[in-house]
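Contents: one structure, followed by commentary.
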2 protein chains.
Amino acid sequence: MQTIAPELAELAALIADPGRAGILSRLMDGRAQTASELARVAGVTPQTASWHLARLVERALLKVERRGPCRLYRLATPLIAQMLEGMMTVAAIDPHPSRPPPWIDAEMRRARTCYDHLAGELGVAVTDAMREHGHLRLDQEAGELTTSGRAFLRDLGIDLRSPTRSRRQLCRPCLDWSERRPHLAGRAGAAVADLAMQRDWIRRRPQGRSVEITEAGLVAFRDLFGARI
Amino acid sequence: MQTIAPELAELAALIADPGRAGILSRLMDGRAQTASELARVAGVTPQTASWHLARLVERALLKVERRGPCRLYRLATPLIAQMLEGMMTVAAIDPHPSRPPPWIDAEMRRARTCYDHLAGELGVAVTDAMREHGHLRLDQEAGELTTSGRAFLRDLGIDLRSPTRSRRQLCRPCLDWSERRPHLAGRAGAAVADLAMQRDWIRRRPQGRSVEITEAGLVAFRDLFGARI
DNA sequence: ACAACGCTTCGATCATGATCGAAATGTTCA
DNA sequence: TGAACATTTCGATCATGATCGAAGCGTTGT
């Protein structure tokens with residue numbers, strides 16, 4: 001019997017190094033990063049990071065583009081992000097509740113981006129609010145935007161038709177690894193995150209995936225969305 | 001910045017061994033297997049397999065139950081299967097199309113089970129047929145069973161309300177790693193696979209995840225579902 | 001109780017691959 | 001052209017963990 005087990009092992013081995021896992025984790029926000037920054041995140045020297053990055057690119061987990069003397073690395077496809085999401089969800093489950101659980105940075109847990117949508121307490125709160133207002137149906141495996149939900153987003157100025165040719169799903173759940181409950185992902189999730197960024201409701205912190213919720217953002221998420229944050 | 005990168009690496013390391021990857025791959029059909037059988041699949045001695053299995057159980061990827069002198073191992077939760085699905089999907093993408101692609105066993109590609117639903121050419125054909133008949137809407141990230149679809153399954157004798165308390169989604173896409181296109185998963189997918197098994201349309205082969213399509217099955221899938229297989 | 005069987009633990013060996021210093025490459029700008 | 005900078009390549013070292021033989025454990029059936 002021939003299976004893809006060898007390829008599975010090979011792929012897993014690529015993620016099994018703490019440095020490379022850190023790099024992939026860092027790139028989960030969908031942005032591109034320089035080799036130096038990724039070396040810093042991984043906690044290794046630039047030459048070691050270079051070796052790791054070469055392997056990740058060779059296996060097509062990352063793609064690289066040259067910008068001047070720098071090289072910018074990013075996840076090759078959303079499929080990679082989706083796979084990592086799935087793995088992080090399992091990784092976040094502590095098999096030994098007695099052991100001190102992996103301490104998760106408070107800012108990270110509060111609000112962050114997950115590839116291109118909102119995650120953490122903020123992501124889950126926004127999702128819950130939309131669900132309670134009948135905008136959304138979502139569980140651990142699938143999601144659906146209601147008529148009211150489409151109208152709600154349209155009123156916020158979100159045009160969901162924009163990337164029409166995209167095969168990407170409108171509305172999809174993503175299991176939040178810090179909250180352990182699903183939050184909104186897919187095109188709708190990305191659109192909400194974009195909007196929040198554009199209106200300065202959230203700001204990316206210079207490093208890491210965590211984001212800062214501005215005063216205006218707090219008001220907006222509470223009043224416009226009805227989120228309890 | 002604290003992330004779950006270390007836990008991600010640890011989890012990946014667990015899958016990164018060819019033996020363990022083989023074991024996990026073997027258990028993707030959702031059935032339980034003895035340690036001996038898994039040792040055989042992994043291509044290692046029983047004592048080595050025992051060591052691998054202990055690590056997988058300790059990390060809660062597998063659960064074990066004793067049946068007489070044997071120990072039966074199975075995937076701990078459907079979440080694990082879902083994670084492995086995601087990884088296999090990426091693993092099946094050959095980063096170097098020039099290299100000979102991982103040769104996939106013909107029986108495996110033809111028809112197999114993926115945790116608890118149909119996969120391979122059969123799974124995709126059934127899914128396509130249901131889609132073409134308006135029973136199903138499905139793309140790479142989400143799925144929905146139409147009214148006609150519910151009626152269709154009901155007429156086949158499938159009661160989808162049965163596991164009511166289950167939080168599991170009715171209808172969900174699963175990216176087929178051999179066909180590289182989504183097939184039907186979720187409770188509906190499992191129900192179809194169950195039905196096919198009960199009516200002897202498909203038979204599990206003694207070892208491996210591939211299944212045999214019976215003569216009656218070929219007729220049923222073509223006539224009842226309209227599948228082109 | 002004893003033998004048969006499946007599985008696990010122990011101990012020693014061995015291979016893989018992660019790491020960094022040193023040096024080379026390549027790009028931009030003056 | 002040459003200096004400054006980011007990145008990569010090379011080479012040597014070192015740690016981790018996969019492996020199997022031998023022995024031990026636990027369950028079942030006679």
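Throughout, a chain's letter reflects where its sequence line sits, starting with A, and its residues are numbered from 1.
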Q: For A:L53 and D:dA6, give me the distance from atom CG to atom C1', rounded to whole Å.
A: 13 Å
Q | Short side-chain to backbone donor-acceptor contact, A:T48 and A:V44, under 3.5 Å | A | no
Q.
If the threshold is 4.0 Å, N to carboxylate O, is there a salt bridge linking B:E37 and B:R40?
A. yes
**Q.** Residues in salt bridge (Lys or Arg N to Asp or Glu O under 4.0 Å) contact with B:D200, at least two apart in sequence or another chain
**A.** B:R203
(Q) Can you see whether A:R112 engages A:S178 through a side-chain donor-acceptor pair at a distance of less than 3.5 angstrom? (A) yes
Q. Partners of B:E65 by salt bridge (Lys or Arg N to Asp or Glu O under 4.0 Å), sequence neighbours excluded?
A. B:R74
Q. Where each pair must be Watson-Crick or G-U wobble with both distances under 3.5 Å, what dot-bracket representation of DNA chain C is obtained, with crossing pairs in [ ] and other-strand partners as |?
A. ||||||||||||||||||||||||||||||
Q) Backbone N or O of B:Y115 within a donor-acceptor pair of the B:R209 side chain at under 3.5 Å? A) no
**Q.** Base versus backbone protein contacts along nucleotides 23-30 of chain D [heavy-atom cut-off under 4.0 Å; B, S, -]
**A.** ----SS--
Q. Taking the six-membered ring for Trp, are A:W201 and A:F221 parallel (under 30°), tilted (30 to 60°) or perpendicular (over 60°)?
A. perpendicular
(Q) For the backbone of B:V211 and the side chain of B:R205, can you confirm whether one donor and one acceptor N or O come within less than 3.5 Å of each other? (A) yes
Q | Sidechain-backbone polar pair: B:D176 side chain, B:G120 backbone, donor-acceptor under 3.5 Å | A | yes
Q. Which nucleotides of nucleotides 13-20 of chain D have their base under 4.0 Å from a protein heavy atom (B), which only their sugar-phosphate (S), and which neither (-), written as one string 5' to 3'?
A. ----SSBB
Side-chain polar contacts of residues 12-20 of chain A - donor-acceptor pairs under 3.5 angstrom, sequence neighbours left out - could you list them?
{"residue": "A:D17", "atom": "OD2", "partner": "A:G19", "partner atom": "N", "Å": "2.8"}
{"residue": "A:D17", "atom": "OD2", "partner": "A:R20", "partner atom": "N", "Å": "3.1"}
{"residue": "A:D17", "atom": "OD2", "partner": "A:H52", "partner atom": "NE2", "Å": "3.4"}
{"residue": "A:R20", "atom": "NE", "partner": "A:L14", "partner atom": "O", "Å": "2.6"}
{"residue": "A:R20", "atom": "NH1", "partner": "A:H52", "partner atom": "ND1", "Å": "3.0"}
{"residue": "A:R20", "atom": "NH2", "partner": "A:A13", "partner atom": "O", "Å": "3.2"}

